[in-house]
Amino acid sequence: MFRERFSYAPFVWPFVIGLIFFLCFFVAAIVRVFKELPQSDKIKFGKSLFTKQTLVSIKEIFMECLLHRRIFQRDPLLGFMHMSIAFGWFMIIVLGHIEVKLYCPNHLNLPYFPIFFRYFVKQTDSTLGGAIFFFLMDFFLLMVLIGIGIAIYKRINSRIVGMRRTTRLKIYDWLALYSLWSIFPLRLLAESFTSSISGGSFLTRGFGLLFDSFVSNSVHVVPTWWAYSTALGVFFIAMPFSRYMHILTEPFLILLRNAGIRTVRHGQGYALTETFACSRCGICLDPCQMVLPGRMDKKATVYFISNLRYNHMETAREMAEMCMQCGRCVAACPVGIDSCRLKLSVKTDNQMGQGDTYLQYLNPASDALPAEIQPVVRQMPEKPDVVYFAGCMSHLTPAIPRAMQTLFKAAGIRYRYLDENGSVCCGRPLMLAGQEEAARQLIAKNTELIVKSGAQTLVTSCPICYRVFTEEYKLPIRVVHHTVFIRDLIAAGKLSTEPVQERVTYHDPCDLGRGSGIYEAPREILKDMAVLQRAYEEKDQALCCGGSLGSNLMPYETRRKIAADAFNRLTFRNPDVLVTACPLCKKTFQDVADRPVLDIAQYVATHLRAQKADAAPVEETPYRAAV
Amino acid sequence: MVNFGFTINKSTRIDYDQASKDVSRYVIAHEPSALLCIGCGCCTATCSAGQFTPFNLRRIQLQVHRGELARLEQETEKCMLCGKCQMVCPRGVNTRHLVMTIHKAMTLYNRGELKDL
């Protein structure tokens with residue numbers, strides 16, 4: 001029922017050359033990445049192969065690389081655009097190979113054969129099998145063409161796919177983009193012109209008949225196949241230098257990530273894979289608060305990764321130093337690139353002190369004043385239940401530690417206020433500034449102080465401290481942020497609050513929400529107390545207050561603009577009070593606020609219901625006067 | 001010499017013709033907000049490191065501009081970059097980066113690598 005016409009034609013060469021070039025590049029890149037992985041990561045990767053984890057990875061590859069589920073969740077049309085191109089193309093390749101396997105299995109070794117199958121094989125669409133294949137091929141071709149239509153329109157007006165801006169591309173990206181856009185229309189033309197010989201379905205047959213009425217098809221067969229092959233060849237050759245390298249890098253990245261491998265140093269191993277897996281889709285452009293409304297600054301993460309990739313290290317470093325590390329781009333990234341970690345690894349290149357002289361006073365052997373660091377430990381000898389670490393920033397907002405002490409007393413908890421008279425910093429600001437060595441010294445000092453206190457729980461008021469306590473400290477005791485601690489106290493009946501006739505909006509601090517995944521505890525507290533109004537951007541979409549310690553370079557005016565913008569967006573439902581859980585956010589917002597900005601501890605302490613007659617007197621923390 | 005139980009203090013006169021302006025120029029070029037400082041000392045009052053050590057950002061930045069560069073590199077190494085000073089600065093000086101820039105400038109200066117700007 002089918003007949004092989006040819007098994008070779010000269011027009012396959014552009015495609016074959018492109019494919020060979022691309023595959024060589026890809027294999028070399030994978031070998032390089034593996035070489036650069038630390039030994040422990042290689043073992044991790046080896047162990048993760050052929051386990052349950054592999055199935056999870058395969059599912060993720062299918063859902064993300066082909067169907068683009070995360071982009072669908074963001075915007076259905078944008079998701080459809082990516083899905084139709086990726087999945088449609090994938091199905092065309094798979095079906096092409098099945099056809100070859102079914103009809104001419106002896107040609108499976110020819111890489112070009114499935115691609116130009118219609119030219120080589122005269123099949124028939126009158127049998128059921130043939131008709132189904134023709135239909136499916138046409139169906140997926142139509143799918144890709146629709147996707148490309150949306151992609152072309154997106155370049156003109158990106159708002160239809162829910163994006164305010166789209167990425168500005170490099171020269172190789174344009175080359176690859178134009179060749180990608182032309183591949184499928186050319187395939188349609190080639191197959192339509194050939195359809196009178198090879199057969200076709202609703203799309204190719206229809207176009208074939210249409211063209212038949214005004215052009216002589218047979219003359220156009222070979223030139224259109226040439227054009228199709230050339231477009232493919234150009235695309236493959238441009239691919240390693242363009243953003244389309246992400247197509248094959250992303251599945252590889254998913255395998256590495258699910259094996260538990262993370263960035264160690266930029267430009268090497270996993271970090272290199274991440275830079276190549278970035279598709280520069282531009283989804284991180286809109287979340288970035290550094291790109292102020294109406295501006296087209298190249299500040300978002302996509303340009304940072306692009307600078308890393310093309311080795312513009314000075315610009316990349318400057319961008320890393322400017323970034324606030326709020327993590328909104330990481331939350332939005334459909335590829336799951338941990339760009340915050342990537343930026344930190346760039347910053348770590350500039351270590352200030354190499355450990356010997358830096359923060360010398362922490363070392364008891366030095367002539368500085370180490371004993372002064374531990375005044376509270378000496379003052380409170382009894383064994384506490386809880387050790388409270390307010391954090392540096394909380395000392396700038398004394399209402400927060402005061403409220404926490406009120407709550408401790410009201411709940412009858414024996415606590416020790418570790419940094420009542422000041423203490424050393426937790427170390428995260430140093431880490432964010434890229435000074436990892438110095439931060440390690442602080443971590444060692446604090447660990448010593450905390451363990452010495454003998455408490456079983458460490459409560460902190462500062463999300464910045466909380467994140468570093470949980471991520472970097474290896475503490476033998478439980479670490480909680482005060483939002484979780486207060487929620488647990490209320491749930492256990494040790495604290496009770498009175499209802500408040502107020503509308504409240506909660507602001508998720510970056511390090512508590514995206515950084516540590518605590519979203520529900522504060523909302524549970526507030527829901528029971530007052531009318532909790534949702535912010536338009538909340539939870540993992542939450543805004544950064546602009547006070548972030550992540551940025552080294554950001555000037556005050558920009559911070560203020562970001563804070564004002566974030567405050568306006570947070571209060572668009574006009575709540576009476578903005579409640580947050582971070583002293584830094586509170587202090588930053590207070591500069592631009594037109595209504596009270598309170599910490600959740602303050603809010604609970606202010607609206608505490610006295611439970612028993614003999615309960616400790618509740619200290620008043622009048623906040624309205626302070627604003 | 002007879003010991004009268006007191007000494008004469010060393011002169012604190014600053015000779016601006018002799019003092020090195022290199023570090024000051026470098027710092028201003030890399031962190032222009034250094035020029036906004038009015039020397040109010042809020043940074044020093046709130047400083048975490050200042051509680052245990054004589055670390056004093058107000059004095060350090062003054063010394064940078066005066067060209068009194070002895071021991072400045074070691075001084076800046078006391079900072080924990082906690083950022084409190086930045087939050088309280090009434091002039092919006094980017095103090096964390098200022099400390100880092102002074103440290104870098106001093107490292108280069110002590111190595112003799114600070115290029116004339």
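First the proteins, then the strands, lettered A, B, ... as listed; each starts at 1.
- In this structure, A:Asn552 CG and B:Met100 CE are separated by 4.0 Å, a value rounded to the nearest 0.5 Å.
- Only the side chain of B:Gln86 comes within less than 4.5 Å of a heavy atom in chain A; its backbone stays farther off.
- Not one N or O on the side chain of B:Arg96 forms a donor-acceptor pair closer than 3.5 Å with the backbone of A:Leu430.
- Distance NZ/B:Lys84 to NE2/A:His395: 6.0 Å, rounded to 0.5 Å.
- Between A:Val424 and B:Phe52, the closest side-chain pair of non-hydrogen atoms falls below 4.5 Å.
- Remark: of the listed residues A:Thr588, A:Leu549, A:Thr397, A:Thr588 is the sole one forming a side-chain contact (heavy atoms from CB on, under 4.5 Å) with B:Met87.
- Here the CD-CD distance, from A:Gln435 to B:Glu77, works out to 10.0 Å after rounding to the nearest 0.5 Å.
- With sequence neighbours excluded, no residue satisfies salt bridge (charged side-chain N to carboxylate O under 4.0 Å, His left out) with A:Glu321.
- Among residues 37-48 of chain B, the residues having any heavy atom closer than 4.5 Å to a heavy atom of chain A are, in sequence order, B:Thr46, B:Ser48.
- Of the inter-residue distances, the one linking B:His97 atom NE2 with A:Met322 atom CE reads 9.5 Å to the nearest 0.5 angstrom.
- B:Leu81 contributes atom CG, which lies 11.0 Å from atom SG of A:Cys392 (distance to the nearest 0.5 angstrom).
- Chain A forms the most heavy-atom pairs under 4.5 Å with one residue out of B:Ser33, B:Gly92, B:Cys82, and that residue is B:Cys82.
- Residue contact with chain B, scored on non-hydrogen atoms closer than 4.5 Å, is absent for A:Ile464.
- Using a 4.5 Å cut-off between heavy atoms, A:Leu442 touches chain B through its side chain atoms alone.
- Only the side chain of A:Arg559 comes within contact range of chain B, judged by heavy atoms closer than 4.5 Å.
- In B:Glu68, the CD atom is crowded: over 12 heavy atoms of neighbouring residues, nucleotides or ligands sit closer than 6.0 Å.
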